[in-house]
Number of protein chains: 2
Amino acid sequence: MKKLAEMLHKKGFKATPQRLEIINYLMNTKSHPSAEEVYKNIKEKFPTISFATVYNTLETLKKSGDIKELSIDHERKRFDIDLSPHDHFFCKKCKKVIDIYEHKSLKKDLPDTIEGNIIEEISLFYIGICESCQKT
Amino acid sequence: MKKLAEMLHKKGFKATPQRLEIINYLMNTKSHPSAEEVYKNIKEKFPTISFATVYNTLETLKKSGDIKELSIDHERKRFDIDLSPHDHFFCKKCKKVIDIYEHKSLKKDLPDTIEGNIIEEISLFYIGICESCQKT
DNA sequence: GTGTTTGCAAAGAATTTGCAACGAA
DNA sequence: TTCGTTGCAAATTCTTTGCAAACAC
């Protein structure tokens, strides 16, 4: 936990307990939570936390490049603190987001540009029905 | 335009002038417009059209599978009536969405499932700075 | 004529903002 | 002490809904 504080300091951010808790939560979940999910979880330890703080923190982390915003769930923004190269599977039914580390060809021989447009990143989502939803 | 009406009738929808105009607009733009963009454009011919009608129509077309909702623009939903297999480039700066028909390996040897999850579709976005934004 | 669709206005959901009080450094 | 951050409440933005009137068929 001390490392986290240092990391924040380096970037010029204050290591408030709320922030540390949000980051800690993000690092320990695979759910790719929405702001509301983060809020609900942090509220257990910090009953007075507000949405503003959650949104502020998520926005701050997004700008500093420490989390990524996923654009797959049409209803709400979802976040991922796992920056290692990976893709996602999105279940239409339960809205679950599953990490896919199996890297197919695509990202390996990625060109720098496509039709003159500079590629900075790639977003790849597999969409369908997840394993557990198939059973129900 | 007659074909459009027939197509709608086949699906059990009424071919209202508003609908025809919305579909016509979608078929003649490459901008992958948001609901608001559609609304503004249709309003020129139908000054009394409401957002409700635009959203209703887009929702109807989405459910019937005649348009696709793009999940790349974090701010708002965007729509594409081009159902041919293609990908998109999203410009971070001007928010433009550009069609990419150049098919890389990925979608060709697509498995039916990945880690037990049934894949129904794939969403692939190239994200970066478009050609015209590079110049400014 | 019948049932769908429109258009208005109001409601709802997600996110953002203003600002005073607080607290990390 | 200082300036970034919090928390509240209000505001904003995008989207949806209820319902009466209008209209496609």
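Every chain is numbered from 1 and lettered A, B, ... according to where its sequence line falls, protein lines coming before strand lines. Keep in mind that this is a model prediction, so the values were computed, not measured.
Remark: P of dT15(D) and CG of D73(A) are 14 Å apart, rounded to the nearest angstrom. Rounded to an integer number of Å, the gap from I42(A) CD1 to dT6(D) C1' is 14 Å. The NZ atom of K95(A) sits 12 Å away from the P atom of dA14(C) (whole-angstrom rounding). Atom CD of E21(B) is separated from atom C1' of dT5(C) by 17 Å (rounded to the nearest Å). If you take CD1 of I49(A) and C1' of dT5(D), they are 11 Å apart, rounded to a whole angstrom. Atom CD of E37(B) is separated from atom C1' of dT13(D) by 16 Å (rounded to the nearest Å). Remark: C1' of dT5(C) and CZ of F46(B) are 13 Å apart, rounded to the nearest angstrom. Protein atom OH of Y39(A) is 14 Å distant from nucleotide atom C1' of dA14(C), rounded to whole Å.
Remark: R76(A) does not engage E36(A) in a salt bridge, criterion side-chain N to carboxylate O under 4.0 Å. Using a cut-off of 4.0 Å between Lys/Arg side-chain N and Asp/Glu carboxylate O, K3(B) and E6(B) are scored as not salt-bridged.
Applying the 4.0 Å criterion to OP1 and OP2 of dT6(D), one finds that S50(A) has every side-chain N and O outside that range.
Checking side-chain atoms of N24(B) against main-chain N and O of L20(B) turns up no donor-acceptor pair under 3.5 Å. No donor-acceptor pair under 3.5 Å is formed between the side chain of T29(A) and the backbone N or O of L26(A).
Residue R76(B) places its side chain closer to dC14(D) than to any other of dG7(D), dC14(D), dT5(C). Of the candidate nucleotides dT5(C), dT15(C), dT15(D), dT5(C) has the atom lying nearest to any side-chain atom of R19(B).
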Collect all protein-nucleotide pairs involving nucleotides 16-24 of chain D in which both atoms are nitrogen or oxygen and the distance is under 3.5 Å.
| unit_1 | atom_1 | unit_2 | atom_2 | d |
| --- | --- | --- | --- | --- |
| dA24(D) | N3 | K14(B) | NZ | 3.1 |

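More than 12 heavy-atom neighbours from other residues, nucleotides or ligands sit within 6.0 angstrom of NZ on K43(A).
Classification of the H32(B)-H88(B) ring pair by plane angle, with boundaries at 30° and 60°, yields perpendicular.
A side-chain donor-acceptor contact under 3.5 Å links S31(B) and E37(B).
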